[in-house]
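To find a chain, count down the sequence lines: A is the first, B the second, and so on, and within it residues start at 1. All figures in this text were calculated on a predicted structure; none of them were measured in a lab. What's counted below: heavy atoms across the whole structure, side chains too, no hydrogens, waters or symmetry copies.
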Amino acid sequence: MEFTLTTWNVNGIRARIENVTEWLNINNPDILCLQEIKCLEEDFPKEIFTSKGYNVYLVGQKSFNGVAIISKFSSIETKKNIICVSNDMQSRSIECTFEINSFKFIVCCIYLPNGNPIDTDKFTYKIEWMDNLKNYIKKELTKEIPYVVLGDFNVIPTRNDVKNYEEWIDDALFNKLSIKKYRELVNIGLYDCHRLKQIPFKQYTQWDYQRGAWQNNNGVRIDHILLSSYATRYLTGYKIDRNERSKNKPSDHVPVTAMLNIA
DNA sequence: ATGCCGGGCGAAGCCCGA
């Protein structure tokens with residue numbers, strides 16, 4: 001049995017309803033993970049998805065952040081805000097456990113803090129969040145259930161994931177410490193679908209709204225789908241939906257999809 | 001060029017994102 005798993009930072013679900021609906025109708029994903037829904041749960045347009053047979057799991061927040069897992073499969077266990085720093089109230093993580101024909105797997109959807117500018121507490125918050133993410137996922141991997149962590153990581157993993165890396169040295173997305181923390185995370189045993197499928201260099205998932213970033217293909221690859229070692233054997237496909245950025249009123253991020261075959 | 005777009009809030013201009 002084959003199914004698709006998509007991550008998409010929509011930059012406000014209510015502002016993106018038309019784009020998301022059109023994309024959904026064409027692509028018919030099995031699991032759609034959203035970041036930056038930017039609304040409370042009661043303001044999330046659930047009917048768009050439930051009317052098409054999806055289950056909607058989300059953790060909202062007024063104006064900012066917020067993540068959702070929208071799935072044709074029903075979750076047997078859902079955990080919200082599992083990764084946080086001290087007692088802050090930012091909604092940036094949600095995890096669902098699915099079971100399909102006695103095949104169990106876990107999906108964790110994250111919106112990792114941006115962290116700019118780097119000389120402020122926003123950056124220390126990002127780094128602390130990344131430490132907590134690593135510790136949490138490490139514990140989850142001991143369950144030995146195929147595990148997927150995906151979302152907007154706000155980290156450019158290598159200089160091949162950005163047009164001109166020199167311009168990003170002092171940015172929280174490409175700062176040395178951000179990359180070090182990202183490597184610490186993947187080194188607990190996670191594999192990037194983008195690398196597993198040997199996608200060529202310089203393929204991006206986000207283009208800024210400003211300075212003609214899209215027109216100049218001045219993008220960054222910061223939206224990732226990472227698999228545990230137990231999950232890698234099921235990966236059959238991967239794609240970045242680059243064309244979505246050229247649509248009317250687009251998000252600055254595009255959908256990234258992995259295909260898994262579990263039977 | 002650390003805010004030039006764009007979203008949210010809320011009704012003007014500020015906070016936030018990357």
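For A/Glu128, there are no salt bridge (Lys or Arg N to Asp or Glu O under 4.0 Å) partners two or more places apart in sequence or in a different chain. Residues meeting the salt bridge (Lys or Arg N to Asp or Glu O under 4.0 Å) test with A/Asp170, sequence neighbours left out: none. With sequence neighbours excluded, no residue forms a salt bridge (Lys or Arg N to Asp or Glu O under 4.0 Å) with A/Asp252.
Atom name C1', nucleotides B/dA1 and B/dA11: the rounded distance is 30 Å, in whole Å. With both ends at atom C1', the span from B/dG3 to B/dG13 equals 14 Å, rounded to whole Å. Atom C1' of B/dG10 sits at a distance of 13 Å from the matching atom of B/dC15, rounded to the whole Å. Taking atom P in both B/dA18 and B/dA12, the straight-line distance is 28 Å, to the nearest Å.
One interatomic measurement links the two molecules: CZ of A/Arg221 to P of B/dA18, which rounds to 16 Å at whole-angstrom precision. The nearest whole Å value for the distance from the CG atom in A/Leu112 to the C1' atom in B/dC16 is 16 Å. In this entry the distance linking OH of A/Tyr125 with P of B/dC16 reads 13 Å, nearest Å. Rounded to whole angstrom, the span from the CZ atom of A/Phe123 across to the P atom of B/dA18 amounts to 15 Å. As rounded to whole Å, 14 Å separates atom C1' of B/dC15 from atom CG of A/Asn114.
Counting only residues at least two apart or in different chains, side chain to side chain donor-acceptor pair (under 3.5 Å) contacts with residues 31-42 of chain A comprise A/Thr7-A/Gln35, A/Asn9-A/Glu36, A/Asn11-A/Lys38, A/Glu36-A/Tyr111, A/Glu41-A/Lys46.
Side-chain nitrogen and oxygen atoms of A/Asn9 include at least one within less than 4.0 Å of the OP1 or OP2 phosphate oxygen of B/dA18. Taking 4.0 angstrom as the limit, A/His253 places a side-chain polar atom (N or O) nearer than this to OP1 or OP2 of B/dA18.
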(message) Treating primed atoms plus P, OP1 and OP2 as sugar-phosphate and everything else as base, which nucleotides of nucleotides 4-11 of chain B get B, S or - for protein heavy atoms under 4.0 Å?
(response) BBSSSS--
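Across A/Tyr204 and A/Gly219, no two heavy atoms sit closer than the pair CG-C, 3.5 Å.
Environment of CE in A/Met1: crowded, with over 12 heavy atoms of neighbouring residues, nucleotides or ligands closer than 6.0 Å. Heavy atoms of other residues, nucleotides or ligands lying less than 6.0 angstrom from NZ of A/Lys197 number more than 12.
To the nearest 0.5 Å, atoms CZ (A/Arg183) and OG1 (A/Thr158) are separated by 8.5 Å.
Between A/Arg195 and A/Asp161, at least one side-chain nitrogen of the basic residue sits less than 4.0 Å from a carboxylate oxygen of the acidic one, meeting the salt-bridge criterion.
Across all strands, A/Lys122 comes closer than 4.0 Å only to sugar-phosphate atoms, never to a base (heavy-atom distances).
Near DNA chain B, meaning a heavy atom under 4.0 Å away, the residues from residues 151-179 of chain A are A/Asp152, A/Asn154, A/Leu173.
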